[in-house]
Protein chains: 2
Amino acid sequence: MNDKLTVPASERMKLDNQICFAFYVCSKEIIKKYRPLLTPLGLTYTGYITMLALWEKDKIPVKALGEKLYLDSGTLTPLLKKLESQGFVKRSRSEIDERQVIVSLTEAGHELQQKAAAIPERLVHSFEMDEVQAKQMIESLHFMMKQAPC
Amino acid sequence: MNDKLTVPASERMKLDNQICFAFYVCSKEIIKKYRPLLTPLGLTYTGYITMLALWEKDKIPVKALGEKLYLDSGTLTPLLKKLESQGFVKRSRSEIDERQVIVSLTEAGHELQQKAAAIPERLVHSFEMDEVQAKQMIESLHFMMKQAPC
DNA sequence: CTCTATTTAATTGTTTACAATTTAATGAGA
DNA sequence: TCTCATTAAATTGTAAACAATTAAATAGAG
């Protein structure tokens, strides 16, 4: 074992060398930037990504939605109830399998997509990052996401 | 303006093309991986990064700690009270400026550092990423963090 | 020195997230 | 068919995080 020329523990334990901390901060700060754009639409950040998923494909069970969003029913159930009370989605038991609750978009839910269409562009611009850089970054992140559920 | 050969809105609004979502998922999933390593030490993830900051430099006011950690007093006050009740830190009013609460490590807080020393290495390994890749990623993230508070 | 503005923590209220458990429905094996 | 295991969603309890406000101390202007 002569490959142990790694950095000392003191160095490895510095906050600025923690990849976890960098992700954690970036994630929080990006979400903060969304808030002022989403609040006028009546959405929280979690509500927004849920709507993004549903705009791609709705009429799906809570389970499938949770897999897309990396969220469980403990988070989704109250969130979906709120989106339902706002009139954006409808929740209904599947007739084929009554364990499943199918989430679908309402008319208002579909209409909201137009109002939200400008958001992604505005956000990318708020970081000084061109589309190529953004694309590379997303690729790296997806590589990590794929390893996540292990 | 003939540089408008950008992707269509439908493409930009896909969940998998949202850099925010990728950060959000990576951050959550990394934190999840820490849990089983931190629980035996009596730490949550937020408690852990707080201790990391204090191991680098303690006897600092809550404000300065919050700037390092990108957290405000609303999050830190209850967290520090808990770390105090566990015997890892001590909170005391500054005598020079009584508005400030100075956070310092106890003996047990210092000792905890030894027990936590193995954690960073174990985590990097749980992602299939070598140290060079990790270093590049951290640099990109820090570039984004620096832009955050605007 | 006095009054006002600013700063620091703490508090309050709301949302987010997950682990663990519960309930109900379905599936599988004997 | 009748268990027993599995699955889906909901529920419960706890920790995080932030916005907005409050209380107390300090700084600054006149």
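The sequence lines fix the lettering, A, B, ..., with proteins before strands; numbering per chain opens at 1.
Not counting sequence neighbours, the partners of B/Glu67 by the salt bridge (Lys or Arg N to Asp or Glu O under 4.0 Å) test are B/Lys63. Taking B/Lys32 as the reference, B/Glu29 meet the salt bridge (Lys or Arg N to Asp or Glu O under 4.0 Å) condition, with sequence neighbours excluded. By the salt bridge (Lys or Arg N to Asp or Glu O under 4.0 Å) test, B/Asp97 is found to be paired with B/Arg99, residues two or more places apart in sequence or in another chain being considered. For A/Tyr24, the ring-ring contact (aromatic ring centres under 6.0 Å, His included) partners at least two apart in sequence or on another chain are B/Tyr45. A search for side chain to side chain donor-acceptor pair (under 3.5 Å) contacts involving B/Arg93 returns nothing, not counting sequence neighbours. Listed by chain and residue number, nothing satisfies the salt bridge (Lys or Arg N to Asp or Glu O under 4.0 Å) test with A/Lys59 (two or more places apart in sequence, or in another chain). Remark: B/Ala108 pairs with B/Phe88, B/Thr106 by the side-chain contact (heavy atoms from CB on, under 4.5 Å) rule, at least two apart or across chains. Residues meeting the side-chain contact (heavy atoms from CB on, under 4.5 Å) test with B/Asn17, sequence neighbours left out: B/Glu11, B/Lys14.
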Pairs: protein N or O with nucleotides 11-14 of chain C N or O, under 3.5 Å:
| from | atom 1 | to | atom 2 | distance (Å) |
| --- | --- | --- | --- | --- |
| C/dT11 | OP2 | B/Lys81 | NZ | 2.7 |

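Remark: C1' of C/dA17 and NZ of A/Lys28 are 14 Å apart, rounded to the nearest angstrom. Separating the CG atom of A/Leu80 from the C1' atom of D/dA10 is a distance of 12 Å, rounded to the nearest angstrom. We find that CD of A/Glu67 is positioned 12 Å from P of D/dT7, with the value rounded to whole Å. Counting to the nearest Å, the P atom of D/dA15 and the CD1 atom of B/Ile31 are 16 Å from each other. Put simply, NZ on B/Lys33 is 19 Å from C1' on C/dA19, counting in whole angstrom units. Rounded to a whole Å, the CG atom of B/Leu76 is 10 Å from the P atom of D/dC18. Atom pair A/Tyr34:OH and D/dA17:C1' shows a separation of 19 Å (rounding to whole Å applied). Remark: P of C/dT15 and NZ of A/Lys32 are 18 Å apart, rounded to the nearest angstrom.
Between A/Tyr24 and D/dA17 there is a side-chain N or O to OP1 or OP2 distance below 4.0 Å.
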Could you give the side-chain donor-acceptor pairs of residues 47-57 of chain A under 3.5 Å, partners two or more places apart or in another chain?
| from | atom 1 | to | atom 2 | distance (Å) |
| --- | --- | --- | --- | --- |
| A/Thr50 | OG1 | A/Thr46 | O | 2.7 |
| A/Trp55 | NE1 | A/Gly109 | O | 2.9 |
| A/Glu56 | OE2 | B/Leu15 | N | 2.6 |

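Backbone-only engagement by A/Leu71 is indicated by non-hydrogen atom pairs under 4.0 Å involving sugar-phosphate atoms exclusively.
Using modelled atom types, no side-chain atom of B/Thr75 and backbone atom of B/Leu71 make a donor-acceptor pair closer than 3.5 Å. Checked by atom type and distance alone, the side chain of B/Lys81 never pairs as donor or acceptor with a backbone atom of B/Arg91 at under 3.5 Å.
Remark on DNA chain C: of its neighbouring residues B/Ala64 and B/Arg35, the 5'-side contact belongs to B/Ala64, judged by nearest-heavy-atom nucleotide.
For the segment residues 89-105 of chain A, residues with any heavy atom less than 4.0 angstrom from an atom of DNA chain D are, sorted by number, A/Arg91, A/Arg93, A/Arg99, A/Gln100, A/Val101. For the segment residues 38-53 of chain A, the set of residues with a heavy atom within less than 4.0 Å of an atom of DNA chain D is empty.
Closest approach to the A/Lys63 side chain among D/dA9, D/dC18, C/dA9 is made by D/dA9 (side chain taken as heavy atoms from C-beta onward). Comparing atom distances between the B/Asp72 side chain and each of D/dC18, C/dC18, D/dA9 picks out D/dC18 as nearest.
Atom NZ of B/Lys28 is surrounded by more than 12 heavy atoms from other residues, nucleotides or ligands within 6.0 Å.
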